[in-house]
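Report on the following structure.
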There are 2 protein chains.
Amino acid sequence: MKSEKISQLTTNRLSIYLRCLKELASEGLTSVSSDSLADRFHLNSAQIRKDLAYFGEFGVRGVGYDIALLRDHIIRILGLDRSYNLAIIGAGRLGSALVDYEGLLRSSFHVKALFDVDPKKIGKKVGGITITDLKNFQSVVKKANIDVAVIAVPANAAPDVFEKIKKAGIRAVLNFAPVRLNADDEMRVRSLDVNSGLESLSYFLTERPQPGDKPKPAGKARKSAQ
Amino acid sequence: MKSEKISQLTTNRLSIYLRCLKELASEGLTSVSSDSLADRFHLNSAQIRKDLAYFGEFGVRGVGYDIALLRDHIIRILGLDRSYNLAIIGAGRLGSALVDYEGLLRSSFHVKALFDVDPKKIGKKVGGITITDLKNFQSVVKKANIDVAVIAVPANAAPDVFEKIKKAGIRAVLNFAPVRLNADDEMRVRSLDVNSGLESLSYFLTERPQPGDKPKPAGKARKSAQ
DNA sequence: ACCTGTGAAATCGTTCACAGCA
DNA sequence: TGCTGTGAACGATTTCACAGGT
């Protein structure tokens, strides 16, 4: 508990716990122990306790956690007790889908701007948001007080867009393009990348006969079949 | 080296290395050292070497790695040298966007079926794929030899859809719904969850004054201010 | 009796540093 | 000399197991 650094693994799990607590709350439950929470959602109870302990003592020994209370604590810890303005770059199918994604409606995140470079799209509306020319990115971002940029453009356009985001001083990026974006320490990029997801599934489906009967030497021409 | 278990972190990085190698190859380069690869893409060269070493000796001491060769090795390791049939469940904006997502076009993954429950959608086409009634899931999955299911339905529908996927014997799932799906060991679920992504950004943006000056005891009523 | 919070142990992952090959 | 492959050191994360509240 001292002022240690909190690992990202921990905060990602807080996000999961929050979702679980919301589900329990919606069932009308009021209290839960780390064990029952773990059983129900396939988590580890010691880890739940440890994760929470980094931030305070939210439970009562012998009793468990008050669901509503713990939920609100996690909301505060994650910074979800305020609202964030999003800008989406790329008004293709994905970008448009995000504008009125149901999950965003009840959340702390609100789409305030949608950009594209296609003159045929600029000026049109998607879910109440007018598509703006990417040329005006910087000024619109300032005016709308954007906190988070969402990259929903094709891979080849993503690096340029990322530079624009950097220049505009936006510190948080959600990236859907299948590219590596090199962020400095001032920024945080989260990539939700369909390809990586599928590739990891591919590895899982590839039943390796043995994970360790590998080909041997490298070299360009096999020295001889011998 | 020995038949150790390969960590998921390693295979995820292979996916990244693959992307990097493709980029280098497209620039006409033929050879690269772990150091230059690391510099260029902000990776760690020792880690690259170690990750690769789990699967074989792909490099040449004093020289480096042959880009095309290493790329092909990783493709084989990840099981990307064959093709996979996808079924997408949910023909909303997200599901439809995925059907002709550019990233999928040049990949090993091919959308073979698209399901929905909405009678108004069933029978219509999206990017060459006819939307099928979810009722026929099991039989269509068998006929089309589906390897991977993609969940693109609202959160409340996701658990039922997941059960259907399980019953149909599909072992790999890409989940876009913001819910926890409890997979057994036979299955692998990868969740690409917009909400978790945003919540992790939210934590990052929440400048904690000190990560460790927490509230203290819990308990319902403070015993006294004393 | 029950359940949290937490040191200590165990496990897992990363980085170092260098032997050995081209 | 240059760069890989790899034990060994280090660091991070998870799990155990129990002291201490209620």
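Chain A is the first sequence line, chain B the second, and so forth, proteins listed ahead of strands; every chain is numbered from 1. Small disclaimer: the values here were computed from a predicted structure and weren't measured.
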Specify the separation, in whole Å, of atom CD1 of A/I48 and atom P of D/dT15. 11 Å

Near DNA chain C, counting only heavy atoms under 4.0 Å, which residues of residues 7-19 of chain B show up? B/S7, B/L9, B/R13

Expressed in angstrom and rounded to an integer, what is the separation of A/R61 atom CZ from D/dG21 atom C1'? 5 Å

Compare the minimum distances between each of C/dA19, D/dA19, D/dT14 and the side chain of A/Q47, then state the nucleotide with the smallest one. D/dT14

Side-chain donor/acceptor of A/K166 to backbone N/O of A/M187, under 3.5 Å: no

Just to verify, what does B/R13 make a salt bridge (charged side-chain N to carboxylate O under 4.0 Å, His left out) with, not counting sequence neighbours? B/D51

Taking for each residue the nucleotide of DNA chain D with the nearest heavy atom, is it A/A46 or B/L52 whose nucleotide lies nearer the 5' end? B/L52

Determine the interplanar angle of the A/F137 and A/F115 rings, folded into 0 to 90°, and report it as parallel if under 30°, tilted if 30 to 60°, perpendicular if over 60°. perpendicular

Side-chain N or O of A/N44 closer than 4.0 Å to phosphate OP1/OP2 of D/dT14: no

In whole angstrom, give the distance that lies between atom CG of A/D66 and atom C1' of D/dT22. 16 Å

Answer whether the closest heavy-atom distance between the side chains of A/Y65 and A/L52 falls below 4.5 Å. yes

Any salt bridge between B/R19 and A/D193, counting N to O under 4.0 Å? yes

Just how far, in rounded Å, is C1' of D/dA19 from CZ of A/R49? 13 Å

Distance from B/L18 atom CG to B/D72 atom CG, nearest 0.5 Å? 9.5 Å

Would you tell me whether B/Y54 and B/T10 have side-chain atoms, one donor and one acceptor, within less than 3.5 Å of each other? no

Distance in angstrom units between A/H42 NE2 and D/dT14 P, rounded: 18 Å

Please state how far atom CG in B/L70 lies from atom P in D/dT4, giving the value in whole angstrom units. 10 Å

Please check if any side-chain donor atom of B/H42 sits under 3.5 Å from a side-chain acceptor atom of A/N182, or the reverse. yes

May I ask you to check whether B/D35 and B/S45 show a side-chain donor-acceptor distance below 3.5 Å? yes

Can you tell me the distance, in whole Å, between the OH atom of A/Y54 and the P atom of C/dT4? 17 Å

Would you please confirm or rule out a distance under 4.0 Å between OP1 or OP2 of C/dG5 and any side-chain N or O of A/Y65? yes

DNA chain C contacts among residues 30-37 of chain A, heavy-atom distance under 4.0 Å: A/S33, A/S34

Provide, to the nearest angstrom, the distance between the NZ atom belonging to B/K50 and the C1' atom belonging to C/dC16. 10 Å

